[in-house]
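In what follows, chains are A, B, ... by sequence order, proteins preceding strands, each numbered from 1.
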Amino acid sequence: LIPTLREDPGEAETVSHRLMLRAGLIRKVAAGIYTYLPLGLRVIRKIEQIVREEMNLAGAQELLMPIASPAELWRETGRWDYYGKELLRFKDRHERDFCLGPTHEEVITDLFRREVRSYRQLPLNFYQIQTKFRDEVRPRFGLMRGREFIMKDAYSFDSDEAGAKISYQKMYDAYTRIFTRCGLTFRAVEADTGLIGGDVSHEFMVLAETGEATVVYSDQDTYAANLERAEVLPPVDVDTSPLRPLTRIATPQHRTVEEVTAYLKIEPRQLVKTLLYKAGEHAVAVLIRGDHELNEVKLARLLHVTDVELASPEAVHTLTGTPVGFAGPVGLKGIPILADHALKGMRNFVVGANEADTHYQDANWDRDFQVDRFADLRNAKPGDPSPRGSGSLTLAKGIEVGQVFLLGTKYSKSMRATILDDQGKERLAVMGCYGIGVGRTAAAAIEQNHDDKGIIWPLPIAPFHVHLLTVSQSESSASAATRLYEALLAADIEVLWDDRSERAGVKFNDADLIGAPFQIVVGDKGLADGVVEIKVRRTGIKTRVALPDIVAHLRKLCVNADVTGAARPSSGR
RNA sequence: CGGGGCGUAGCGCAGCCCGGUAGCGCGCCUGCUUUGGGAGCAGGAUGUCGGAGGUUCAAAUCCUCUCGCCCCGACCA
């Protein structure tokens with residue numbers, strides 16, 4: 001059974017989602033919840049196998065934790081309240097609270113503290129490949145952002161920082177090998193730690209237009225970070241023109257940067273917008289140059305809160321006495337004023353006047369208002385200088401397929417996971433955690449490897465190496481195909497045989513859609529000359545090969561295609 | 001959570017404005033022909049029109065409620 005679809009399903013927009021449905025890899029059960037069909041499951045298993053091999057090689061041990069976990073563990077770390085609606089909660093028949101695990105720091109740390117006593121038992125690294133559930137606000141793009149999804153998660157435990165860093169590096173290296181073996185073009189970037197927490201983190205980003213994340217990287221040095229994290233250096237070019245006197249100016253009905261700058265015939269970079277934010281219980285004003293974007297993650301980090309949000313129009317009115325659109329720092333009382341450090345280089349700029357339909361021209365910080373704190377608060381943009389030395393920054397879209405975290409003692413502290421060190425003293429275990437989205441890796445591979453006919457699988461994760469199709473109904477081609485099929489199986493070549501009595505065109509199109517790296521076409525025409533046709537899906541190149549030479553020929557093709565998988569690390573672990 | 005859109009045969013859609021026998025294409029079944037890039041002819045099967053309630057002689061169509069799905073946004077003063 002190959003349930004391919006001739007037409008694009010109405011529900012899918014992105015390439016990988018469409019092709020996964022059309023090629024018969026997945027079917028939707030509910031929003032963000034999918035069944036893996038036989039073909040899709042084979043791809044998932046291939047990726048899992050690569051992950052297993054590399055994790056084992058890196059010294060991690062596989063275990064399997066439950067999907068349901070009791071609320072008490074989550075209450076210990078505070079995440080029962082903190083995680084929000086993404087945590088799908090339910091009660092068992094005794095009215096006890098449970099949730100479906102979105103990640104497993106709590107469960108593994110609980111295991112660790114019960115079982116491990118001594119530093120001699122460390123380092124330890126446990127991993128599992130398991131179904132996770134996160135009740136996403138907006139599931140989309142098929143397996144790219146599902147609610148239920150398969151994840152490889154790993155957790156390392158060390159007796160000190162130095163050890164934890166080594167464990168982290170091992171995982172970083174393993175991830176690099178995993179995604180390389182999967183045939184992906186990716187980048188490891190510095191990342192923020194978000195809900196998981198911790199100190200250091202890298203995300204593995206597959207570069208693709210459909211990515212939901214933005215990657216920032218330098219064109220000349222090795223700097224790469226996601227947009228939330230990417231550092232912006234203080235300005236180098238400082239305006240030294242003489243200060244002009246502050247002037248009020250009427251800007252009737254002109255609120256946005258666009259409107260005000262057009263009205264005043266100035267550039268957005270000569271205007272400073274004043275954003276009012278709610279950070280926990282407090283309000284702050286944030287000054288940002290007109291052509292820059294505020295980075296809320298940076299703001300939250302600076303203020304030591306988990307989340308910030310724009311103040312409501314009502315709150316803006318209370319704080320500034322004006323409707324939204326005319327807030328400004330001059331005369332603003334009672335709340336801290338923060339400014340992006342780009343302002344340090346600015347003079348004689350335009351700001352709101354805290355009065356309807358009015359702005360100030362030629363405002364200057366220090367003279368006209370005080371800034372409580374300058375900081376890096378904006379998003380990087382193309383052309384910004386690299387924060388590590390040389391080159392300028394480029395922005396690209398990426399799909400996050402993996403992330404590694406150096407957690408430190410965040411969880412071992414709240415859950416009191418301690419070990420005895422060589423002095424007999426109790427110490428908190430130092431942890432790391434590491435995740436790979438298995439289904440998302442498959443989707444990302446399709447985003448990077450397809451054409452208008454369908455998927456072009458990288459050999460290591462292809463559901464089958466070879467798609468065998470018989471295009472003639474004759475006895476002779478059926479028996480030739482049977483012999484060939486068995487010969488390929490005997491040679492450990494995975495082959496999908498399309499023996500349906502469909503017309504040739506249907507089979508060709510399905511084969512292209514499903515995207516096995518190689519197609520073997522058996523037909524009466526070729527058999528008359530004792531040959532079959534081998535087509536390389538990616539290049540479209542067809543070769544006529546004599547029957548006895550097929551296995552050898554395929555082997556050669558495989559070696560050429562599998563440049564990544566062939567290069568196995570020769571570590572002694 | 002806000003905005004927009006869509007639920008009609010297995011799939012893709014029309015019909016709805018203007019109420020009156022539920023349609024088209026693909027797929028599926030039967031037969032004949034065809035057979036190396038999504039075949040042709042002939043015949044055939046398939047629908048609680050997402051669900052509930054209402055209006056009406058009469059509802060896929062109008063009204064109310066509800067469920068599901070998709071897309072955009074949740075970033076600017």
Side-chain angles (χ1 to χ4, degrees), chain A residues 3-14 17-18 21-22 24 27-33 84-85 137-142 212 214 227-228 251 253-261 268 271-277 285-299 307-313 315-317 319-320 322-329 340 350-354 356-359 377-379 453-454 469-474 477 500-513 519 521-528 532-533 535 540 542 544:
Chain A
T4 54
L5 306 176
R6 290 199 177 187
E7 290 168 89
D8 273 335
E11 69 185 53
E13 207 83 339
T14 46
H17 189 194
R18 268 198 333 254
L21 288 166
R22 281 195 58 202
R27 286 292 181 265
K28 187 178 68 191
V29 175
I33 299 178
K85 286 190 174 170
V137 224
R138 192 179 155 205
R140 55 180 145 183
F141 307 150
E212 296 183 88
T214 303
L227 187 61
E228 283 75 52
T251 52
Q253 294 304 312
H254 296 94
R255 299 157 188 276
T256 64
V257 171
E258 224 171 45
E259 289 164 0
V260 174
T261 54
L271 180 144
V272 168
K273 49 193 179 186
T274 305
L275 308 180
L276 293 159
Y277 263 87
V286 186
L287 306 183
I288 295 283
R289 203 170 85 182
D291 59 330
H292 287 161
E293 293 175 357
L294 176 72
N295 181 319
E296 292 189 353
V297 174
K298 288 181 181 176
L299 178 61
D307 213 5
V308 293
E309 72 180 308
L310 268 180
S312 64
V316 170
H317 195 94
L319 292 165
T320 66
T322 62
V324 166
F326 304 100
D340 178 64
V350 170
V351 293
N354 294 328
D357 301 330
T358 316
H359 279 75
L377 288 172
R378 71 167 172 98
N379 282 337
K453 302 288 275 181
L469 38 167
T470 35
V471 293
S472 313
Q473 253 82 308
S474 68
S477 73
R500 296 174 300 172
S501 57
E502 288 289 350
R503 297 174 65 83
V506 174
K507 294 189 180 185
F508 285 132
N509 282 313
D510 275 343
D512 287 346
L513 177 61
Q519 297 170 13
V521 182
V522 178
D524 290 341
K525 275 190 192 172
L527 287 178
V532 297
E533 193 175 277
K535 174 176 143 181
K542 298 171 189 170
R544 285 157 65 89

Trainee: Can you tell me how far P of B:C71 sits from CD of A:Glu13, to the nearest Å?
Mentor: 6 Å
Trainee: Could you go through A:Glu11 and A:Leu21, starting from their C-alpha distance and side-chain angles, then the distance that decides it, and tell me whether this counts as side-chain contact (heavy atoms from CB on, under 4.5 Å)?
Mentor: CA-CA 10 Å; A:Glu11 69 185 53; A:Leu21 288 166; 3.7 Å; yes
Trainee: Do A:Leu469 and A:Gln519 have side chains that get closer than 4.5 Å, going by heavy atoms?
Mentor: yes
Trainee: Nearest heavy-atom pair of A:Val522 and A:Ser477: which atoms, and what distance?
Mentor: CG1-O, 3.8 Å
Trainee: How far, in whole Å, is B:U33 from B:A45 if one measures between their P atoms?
Mentor: 24 Å
Trainee: Could you tell me how far B:G23 sits from B:A39 if I compare only their P atoms? Round to whole Å.
Mentor: 28 Å
Trainee: Could you go through nucleotides 43-45 of chain B and list every protein N or O atom that sits under 3.5 Å from one of its N or O atoms, giving the distance for each pair?
Mentor:
none

Trainee: Any N/O pairs under 3.5 Å between the protein and nucleotides 73-77 of chain B? List them or say none.
Mentor:
residue: B:A77; atom: O3'; partner: A:Arg255; partner atom: O; Å: 2.8
residue: B:A77; atom: O2'; partner: A:Gly325; partner atom: O; Å: 3.4
residue: B:A77; atom: N6; partner: A:Leu276; partner atom: O; Å: 3.2

Trainee: Looking only at atom C1', what distance separates B:C11 and B:G47, rounded to whole Å?
Mentor: 14 Å
Trainee: Are any non-hydrogen side-chain atoms of A:Phe326 and A:Thr320 less than 4.5 angstrom apart?
Mentor: no
Trainee: Which nucleotide, if any, forms a Watson-Crick or G-U wobble pair with B:G7, using both distances under 3.5 Å?
Mentor: B:C67
Trainee: Evaluate the criterion side-chain contact (heavy atoms from CB on, under 4.5 Å) for residue pair A:Arg140 and A:Glu212; output intermediate values, then yes/no.
Mentor: CA-CA 10 Å; A:Arg140 55 180 145 183; A:Glu212 296 183 88; 3.0 Å; yes
Trainee: Walk along nucleotides 32-40 of chain B from 5' to 3' and tag each nucleotide B, S or - by protein heavy-atom contact under 4.0 Å, base first, then sugar-phosphate.
Mentor: --BBBBBB-
Trainee: Need the pair for B:G73. Rule: Watson-Crick or G-U wobble, both distances under 3.5 Å, any strand; none if unpaired.
Mentor: B:C1
Trainee: Can you check salt bridge (charged side-chain N to carboxylate O under 4.0 Å, His left out) on A:Lys535 and A:Asp512, steps first, answer last?
Mentor: CA-CA 10 Å; A:Lys535 174 176 143 181; A:Asp512 287 346; 3.1 Å; yes
Trainee: So, the side chain of A:Lys507 versus the backbone of A:Val521: is there a donor-acceptor pair under 3.5 Å, distance only?
Mentor: no
Trainee: Between the side chain of A:Asp340 and the main-chain N/O of A:Leu294, is any donor-acceptor distance below 3.5 Å?
Mentor: no
Trainee: Just checking A:Glu11: base, sugar-phosphate only, or nothing, at a heavy-atom cut-off of under 4.0 Å?
Mentor: sugar-phosphate
Trainee: I'd like the C1' distance from B:A9 over to B:C26, given in whole Å.
Mentor: 12 Å
Trainee: Can you tell me how far P in B:C6 sits from the matching atom in B:C16, rounded to whole Å?
Mentor: 14 Å
Trainee: A quick test of your reading: do over 12 heavy atoms of other residues, nucleotides or ligands sit less than 6.0 Å from CD of A:Glu258?
Mentor: no
Trainee: Measuring only the C1' atom in each nucleotide, how far is B:C69 from B:G37? A whole number of Å is fine.
Mentor: 35 Å
Trainee: So which nucleotide does B:U48 pair with, by the Watson-Crick or G-U wobble rule with both distances under 3.5 Å?
Mentor: none
Trainee: Watson-Crick or G-U wobble partner for B:C62, using a 3.5 Å limit on both distances?
Mentor: B:G54
Trainee: Please give the distance between the C1' atoms of B:G2 and B:U48 as a whole number of Å.
Mentor: 34 Å
Trainee: With sequence neighbours left out, what residues match A:Arg544 under side-chain hydrogen bond (donor to acceptor under 3.5 Å, both in side chains)?
Mentor: A:Asp529
Trainee: Any side-chain heavy atom of A:Arg500 sitting closer than 4.5 Å to one from A:Asp510?
Mentor: yes
Trainee: If I compare all heavy atoms of A:Asn295 with all of A:Arg378, which pair ends up nearest, and what's the gap?
Mentor: CB-C, 3.8 Å
Trainee: Under a 4.5 Å cut-off applied to non-hydrogen side-chain atoms, are A:Asn379 and A:His292 in contact?
Mentor: no
Trainee: Produce a footprint string for nucleotides 3-10 of chain B: one letter per nucleotide, 5' end first; B if the base is under 4.0 Å from any protein heavy atom, S if only the sugar-phosphate is, - if neither.
Mentor: --------
Trainee: Going by purine N1 to pyrimidine N3 plus the second Watson-Crick contact, or the G-U wobble pair, all under 3.5 Å, which nucleotide sits opposite B:G12?
Mentor: B:C24
Trainee: Could you give the NZ-to-C1' distance, from A:Lys28 to B:C71, as a whole number of Å?
Mentor: 12 Å
Trainee: Just to verify, what does A:His254 make a ring pair (Phe, Tyr, Trp, His ring centres under 6.0 Å) with, not counting sequence neighbours?
Mentor: A:Tyr263
Trainee: Is there a Watson-Crick or G-U wobble partner for B:C41 with both distances under 3.5 Å, and if so, which one is it?
Mentor: B:G31
Trainee: Take atom C1' in B:C24 and the same atom in B:C57, then report the distance between them in whole Å.
Mentor: 31 Å
Trainee: Base, sugar-phosphate, or nothing for A:Ala30, non-hydrogen atoms under 4.0 angstrom?
Mentor: sugar-phosphate
Trainee: Which heavy-atom pair separates A:Arg22 from A:Leu513 by the least distance, and what is that distance?
Mentor: O-CD2, 3.5 Å
